[in-house]
There are 2 protein chains.
Amino acid sequence: MDGTTADKRRGMSDLRRHRLRLEISREASRLFWEQGVAATTGDQIARAVGLSTRTLWRHFRNKESCAEPVLLRGVEWETSMLRDWPRHVSLEDHFTSHVRHYTLTATRTDHLDDLLAVQMSVLARTEPAIRAAWLMACDQTQRELAEIIAARVDLPADGLLVRMHAAAASAVIRAHSEYIGAALLTGADPLQFADAPRRIARAVHAATGGAVGGVPAA
Amino acid sequence: MDGTTADKRRGMSDLRRHRLRLEISREASRLFWEQGVAATTGDQIARAVGLSTRTLWRHFRNKESCAEPVLLRGVEWETSMLRDWPRHVSLEDHFTSHVRHYTLTATRTDHLDDLLAVQMSVLARTEPAIRAAWLMACDQTQRELAEIIAARVDLPADGLLVRMHAAAASAVIRAHSEYIGAALLTGADPLQFADAPRRIARAVHAATGGAVGGVPAA
DNA sequence: TCCTTGCATGTCACTTAGCGCCATGGTGTC
DNA sequence: GACACCATGGCGCTAAGTGACATGCAAGGA
């Protein structure tokens, strides 16, 4: 599934860069959660990963953005789902099957990442720095969503309509993520959100005025 | 309209605090625009306003957030419009009349603030720090929107449905703001966006699945 | 009127975020 | 083996942001 493709080209491959950023983000998020953002120094994060502080700042523009990769994985779930969404399948059906597939194939690391993501999204409620990182991650998601939608409806990704739909869809996903995350961290039963995919799919469908989510030629 | 209410109570009134933050934000935004964010120091901003650096950091948690009040004013336009939205009037009608009223009563300062807001939203496209501030401002807007919508549909503001609608509405408004701002700064004719209020009102109506924007009892 | 209390601001010292610069080492190509 | 490229580390510096303490201003009470 995640076999490291042999990268023969020059420079650090995007994959390796991505992996390293995620690794850093994991440690940073853990520290943020355990001892707070303010009390966590760049040196601590760097040492936890086994890097020099200088290298840390080469990979992240500031402390708060260290949380972004973990936060992104929290919604990457939804975007990756949308990415390979067959044209002739409704969003609702595809979403539910995708969730089923995820729960079957998810590794231990995946679950740990999910936990970290939830923790960060909760931390975002009180820590402005993390909130900014969360919003930046969602913004990133929104731009990817715009690409996906653009390809679907065959319109330019930087057009107003596509951007509106992407914004609305991503906002709906974000609202759900925050809501569920908050509920889970206060001890809610995960099974309570079993029908979340269906609800999210419908909400996305509704928020985009029916443009995203249905079957093209019904 | 904005007569300074006599504040006899102890402590700095919210109004004064708000005004000072806006004043700081104006100077900060101007400097950000003129010489870039990285080249602008906290000392420069403080000196431009006539404050000590220490006091600057008492009013803003970091440099980037100095842009928030100006950015907020860019969308405050929409939220203040929604705030006094009569129940028996459609969003579209209210929006257009509100815009007409604004263009008649706006002061020179208002227009300068609008310009600054547009400049910042454009700067947000390239400067991650400003982008974070922009997203934080929109997030703030979204929370105010949730209050407004909650009062409208008579549901708790922290419920999932209200938050979803607020998120979708605010996302749509944001997408429009970014789009129009970018167009204006590249020399587009402002008259070209004369029907923007109507389009935004309709988009909000659509994005909230019809829950926000129509006349309650048609 | 004087004293007190509360609060915003200023000054100084300090930690640390974050970056420019240069050296080093590891990896791929000729 | 020589060379080029690039990620990393180390050092030093500027600037972001904070804690502690002093000052000054306004309101209110005796």
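Below, read A as the first sequence line, B as the second, and so on, with proteins coming before strands; counting in each chain starts at 1. Keep in mind that what you see is a predicted model, and the values were worked out from it rather than measured.
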Checklist entry - Hey, does B:Met81 have a side-chain heavy atom less than 4.5 Å from the side chain of B:Leu91? => result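 Yes, close enough: below the 4.5 Å cut-off.
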Next on the checklist: Do A:Leu116 and A:Trp33 make a side-chain contact, defined as non-hydrogen atoms from C-beta onward lying under 4.5 Å apart?
Outcome noted: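 No; the side chains remain at least 4.5 Å from each other.
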Picking from [options], which would you name as closest to the side chain of [X]?
{"X": "A:Arg54", "options": "C:dG18, D:dA20, D:dG9", "result": "D:dG9"}
{"X": "B:Arg17", "options": "D:dG17, C:dA8, C:dC21", "result": "C:dA8"}
{"X": "A:Thr55", "options": "D:dT8, C:dC19, D:dA20", "result": "D:dT8"}

Checklist entry - Atom CZ of A:Arg16 and atom C1' of C:dG28: how far apart are they, to the nearest Å? => result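 After rounding, the gap between these two atoms is 13 Å.
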Checklist entry - To the nearest angstrom, how far is A:Trp57 atom CH2 from D:dC11 atom P? => result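 For the pair A:Trp57 CH2 and D:dC11 P, the rounded distance is 19 Å.
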Item to check | For DNA chain D, the dot-bracket pattern of Watson-Crick and G-U pairs whose distances stay under 3.5 Å, | for other-strand partners | outcome: ||||||||||||||||||||||||||||||
Next on the checklist: Using a 4.0 Å heavy-atom cut-off, does A:Leu56 contact any base of the nucleic acid, only the sugar-phosphate backbone, or nothing at all?
Outcome noted: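 Nothing, no nucleic acid heavy atom in range.
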Item to check | Sugar-phosphate only, base, or nothing, as touched by B:Arg61 at under 4.0 Å among non-hydrogen atoms | outcome: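 The residue B:Arg61 makes sugar-phosphate contact but no base contact.
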side-chain hydrogen bond (donor to acceptor under 3.5 Å, both in side chains) partners for [X], two or more places apart:
{"X": "A:Arg58", "value": "none"}
{"X": "B:Thr79", "value": "none"}
{"X": "A:Asp110", "value": "A:Arg73, A:Thr107"}

Next on the checklist: Contact list please: residues 40-50 of chain A against DNA chain C, heavy atoms, distance less than 4.0 Å, in numerical order.
Outcome noted: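 Here the set is A:Thr40, A:Thr41, A:Gly42.
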Item to check | Strand-adjacent residues in residues 63-70 of chain A, judged by heavy atoms under 4.0 Å from DNA chain C | outcome: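 Within this stretch, A:Lys63 sit under 4.0 Å of the strand.
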Checklist entry - What residue pairs, at least two apart or across chains, pass salt bridge (charged side-chain N to carboxylate O under 4.0 Å, His left out) with a residue in residues 42-57 of chain A? => result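 Those involving residues 42-57 of chain A do not exist here.
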Checklist entry - What salt bridge (charged side-chain N to carboxylate O under 4.0 Å, His left out) pairs are there with at least one residue in residues 132-143 of chain B, not counting sequence neighbours? => result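 Matches after skipping sequence neighbours: A:Arg131-B:Asp139, A:Arg174-B:Asp139, B:Asp139-B:Arg143.
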Checklist entry - Going by atom types alone, do B:Gln44 and B:Gln35 pair a side-chain donor with an acceptor below 3.5 Å? => result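 A donor-acceptor contact under 3.5 Å links the two side chains.
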Taking only residues two or more places apart in sequence or in another chain, which ones pass side chain to side chain contact (heavy atoms under 4.5 Å, CB included) with [X]?
{"X": "A:Ile149", "result": "A:Leu145, A:Val153, A:Val162, A:His165, A:Ala166, A:Val212"}
{"X": "A:Leu51", "result": "A:Leu20, A:Ile24, A:Val49, A:Thr55"}
{"X": "A:Arg125", "result": "A:Ala182"}

Next on the checklist: If the cut-off is 4.0 Å, is A:Ser52 near the phosphate of D:dG9, judged by side-chain N/O to OP1 or OP2?
Outcome noted: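 Yes, because at least one side-chain N or O of A:Ser52 sits under 4.0 Å from OP1 or OP2 of D:dG9.
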Item to check | C:dT9 phosphate, OP1 or OP2, under 4.0 Å from B:His59 side-chain N/O | outcome: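 Indeed, a polar side-chain atom of B:His59 lies that close.
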Output a table of nitrogen or oxygen pairs between the protein and nucleotides 23-25 of chain C separated by less than 3.5 Å.
none

Next on the checklist: Once hydrogens and angles are ignored, does a donor-acceptor distance under 3.5 Å link the base of C:dG18 to the side chain of A:Arg58?
Outcome noted: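 Looking at the base of C:dG18, it does not pair with any donor or acceptor on the side chain of A:Arg58 (distance under 3.5 Å).
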